[in-house]
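A short worksheet on the structure shown next.
Numbers restart at 1 for each chain; the letters A, B, ... are given by sequence-line order, proteins then strands.
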Number of protein chains: 2
Amino acid sequence: MKADTVRGHLDGMILAVVQDEPLHGYGIAEALRAQSDGALDLPTGTLYPALRRLERLGYLRSSWSTVDGRKRRTYELTRSGQAELSARQEDWQEVSRVIGTILRTRTAT
Amino acid sequence: MKADTVRGHLDGMILAVVQDEPLHGYGIAEALRAQSDGALDLPTGTLYPALRRLERLGYLRSSWSTVDGRKRRTYELTRSGQAELSARQEDWQEVSRVIGTILRTRTAT
DNA sequence: GGCTACATATAGACAGCCTATGTATTCAAG
DNA sequence: CTTGAATACATAGGCTGTCTATATGTAGCC
């Protein structure tokens with residue numbers, strides 16, 4: 001499954017997994033892969049720019065640490081990010097309803 | 001609701017309404033607006049290029065006619081377009097499941 | 001020494017939306 | 001009789017978030 005098919009909703013999904021617990025980029029990718037049963041496997045060229053963007057927008061806050069000799073940047077959800085997540089969740093309700101309704105097979109063929 | 005939020009799934013929705021009955025561009029816009037309870041109101045700069053693209057890809061076939069003194073281009077679904085629609089519907093099932101699962105509020109907060 | 005997993009990041013391309021604008025007809029209101 | 005709204009199609013150029021490819025570095029195993 002291409003991230004292209006979830007375009008515009010990836011931000012919301014990232015905020016959602018970070019809400020559960022602060023995670024570093026690699027961990028976010030793992031969480032999304034796990035929670036989608038392997039369907040959503042983000043290329044790093046998609047994920048990392050998205051994270052920087054979400055931080056720039058004030059929805060995430062990051063801090064560096066070193067674990068087992070490897071540097072990692074851990075992201076946590078800000079107050080503003082929580083509000084954004086709620087908005088995205090509501091957006092999704094409508095989007096999902098609209099596309100679902102229209103795409104649903106009508107013909108009994 | 002911006003068409004941007006349904007990005008990548010607009011093609012499927014267009015094919016779906018045309019499957020019901022052949023329609024001209026303006027009629028497709030009306031059908032999508034009606035079936036989404038007014039939520040999806042496509043700008044012409046989005047719809048018309050999309051229709052030409054779908055025809056170029058062989059999913060739609062068009063023909064000109066004049067109704068009440070106005071020219072209209074009517075689109076109908078091709079065999080290939082029906083297959084594409086089926087594929088899009090299946091895609092949507094997965095996308096919807098994945099985003100829905102991840103975005104669904106987990107916190108009982 | 002080489003492979004895999006872990007970990008982050010940038011560069012440049014590309015597709016599909018966006019807004020703005022243009023043309024043309026019909027019909028009702030003023 | 002002209003102005004405006006609805007009908008009808010279309011293009012130009014911009015923007016944003018994906019994409020692929022590439023880069024750098026550590027840890028641990030074979």
Side-chain angles (χ1 to χ4, degrees), chain A residues 1-15 18 22-34 39-57 59-60 62-75 84 88 91 95 98-99, chain B residues 1-15 18 22-34 39-57 59-60 62-75 84 88 91 95 98-99:
Chain A
M1 195 177 130
K2 287 293 186 72
D4 238 338
T5 61
V6 300
R7 193 186 256 254
H9 303 282
L10 184 58
D11 288 5
M13 290 191 284
I14 291 173
L15 297 178
V18 172
L23 281 173
H24 63 295
Y26 196 89
I28 291 169
E30 279 185 318
L32 289 173
R33 187 150 21 85
L40 194 60
D41 200 359
L42 296 179
T44 68
T46 293
L47 179 61
Y48 291 111
L51 290 171
R52 308 312 311 278
R53 182 165 36 81
L54 290 170
E55 182 168 27
R56 200 172 60 244
L57 292 170
Y59 303 145
L60 295 177
S62 76
S63 57
W64 286 96
S65 59
T66 303
V67 177
D68 292 332
R70 292 194 191 90
K71 290 192 173 171
R72 53 168 65 172
R73 186 174 216 160
T74 300
Y75 293 88
E84 176 67 11
R88 298 300 189 121
D91 280 358
V95 170
V98 166
I99 303 184
Chain B
M1 193 179 133
K2 287 293 186 73
D4 235 340
T5 61
V6 301
R7 194 185 257 254
H9 303 282
L10 185 58
D11 287 5
M13 290 192 284
I14 291 172
L15 297 178
V18 171
L23 281 173
H24 64 298
Y26 195 88
I28 291 169
E30 280 185 316
L32 289 173
R33 186 149 24 84
L40 193 61
D41 200 358
L42 296 179
T44 69
T46 295
L47 180 61
Y48 292 113
L51 290 172
R52 307 311 313 280
R53 182 166 36 82
L54 290 171
E55 181 168 25
R56 200 172 59 245
L57 292 169
Y59 302 145
L60 295 178
S62 75
S63 57
W64 286 95
S65 60
T66 303
V67 175
D68 293 332
R70 292 195 192 89
K71 289 193 173 173
R72 51 166 68 169
R73 188 175 214 159
T74 300
Y75 293 87
E84 177 66 12
R88 298 298 189 124
D91 280 357
V95 170
V98 166
I99 303 184

Could you write out each protein N or O paired with an N or O of nucleotides 18-20 of chain C at a distance under 3.5 Å?
unit_1, atom_1, unit_2, atom_2, d
dC18(C), OP1, Ala3(B), N, 2.9
dC18(C), OP2, Thr46(B), OG1, 2.2
dC18(C), N4, Gly45(B), O, 3.3

Rounded to whole angstroms, how far apart are [atom1] on [X] and [atom2] on [N]?
{"X": "Leu47(A)", "N": "dA21(D)", "atom1": "CG", "atom2": "P", "answer": "19 Å"}
{"X": "His24(B)", "N": "dC9(D)", "atom1": "NE2", "atom2": "P", "answer": "5 Å"}
{"X": "Arg56(A)", "N": "dT16(D)", "atom1": "CZ", "atom2": "P", "answer": "10 Å"}
{"X": "Trp64(B)", "N": "dA24(C)", "atom1": "CH2", "atom2": "C1'", "answer": "11 Å"}
{"X": "Asp11(A)", "N": "dG17(D)", "atom1": "CG", "atom2": "P", "answer": "7 Å"}
{"X": "Met13(A)", "N": "dG17(D)", "atom1": "CE", "atom2": "P", "answer": "14 Å"}
{"X": "Tyr48(A)", "N": "dA23(D)", "atom1": "OH", "atom2": "P", "answer": "18 Å"}
{"X": "Arg52(B)", "N": "dC17(C)", "atom1": "CZ", "atom2": "C1'", "answer": "18 Å"}

Pairs under 3.5 angstrom, nitrogen or oxygen only, protein versus nucleotides 26-30 of chain D, please.
unit_1, atom_1, unit_2, atom_2, d
dT26(D), O3', Gly69(A), O, 3.2
dT26(D), O2, Arg70(A), NE, 2.9
dA27(D), O4', Arg70(A), NH2, 3.0

Out of curiosity, His24(A) NE2 to Trp64(A) CH2, how far, rounded to the nearest 0.5 Å?
10.5 Å
Look at Arg53(B) and dG16(C) and indicate whether a side-chain polar atom (N or O) is within less than 4.0 Å of OP1 or OP2.
yes
Verify the contact: side-chain N or O of Arg73(B) to OP1 or OP2 of dA10(D), cut-off strictly under 4.0 Å; return yes or no.
yes
Sorted by chain and residue number, the side chain to side chain contact (heavy atoms under 4.5 Å, CB included) partners of Thr44(B) (sequence neighbours excluded) come out as Tyr48(B)
Contact check, side chains of [X] and [Y], non-hydrogen atoms, under 4.5 Å:
{"X": "Leu10(A)", "Y": "Leu42(A)", "result": "yes"}
{"X": "Leu57(B)", "Y": "Glu84(B)", "result": "no"}
{"X": "His9(B)", "Y": "Val95(A)", "result": "no"}
{"X": "Leu51(B)", "Y": "Arg73(B)", "result": "no"}
{"X": "Ile14(B)", "Y": "Leu54(B)", "result": "yes"}

With DNA chain C as reference, determine whether Arg7(A) or Thr74(A) sits nearer its 5' end, using the nearest nucleotide of each.
Thr74(A)
Is Leu51(A) touching bases, backbone alone, or none of the nucleic acid, heavy atoms closer than 4.0 Å?
nothing
When every non-hydrogen atom of Tyr75(A) is compared with those of Val18(A), the smallest separation belongs to O-CG1, 3.5 Å
Considering the options Asp11(B), Asp4(B), Thr5(B), which one meets the side-chain hydrogen bond (donor to acceptor under 3.5 Å, both in side chains) requirement together with Arg7(B)?
Asp4(B)
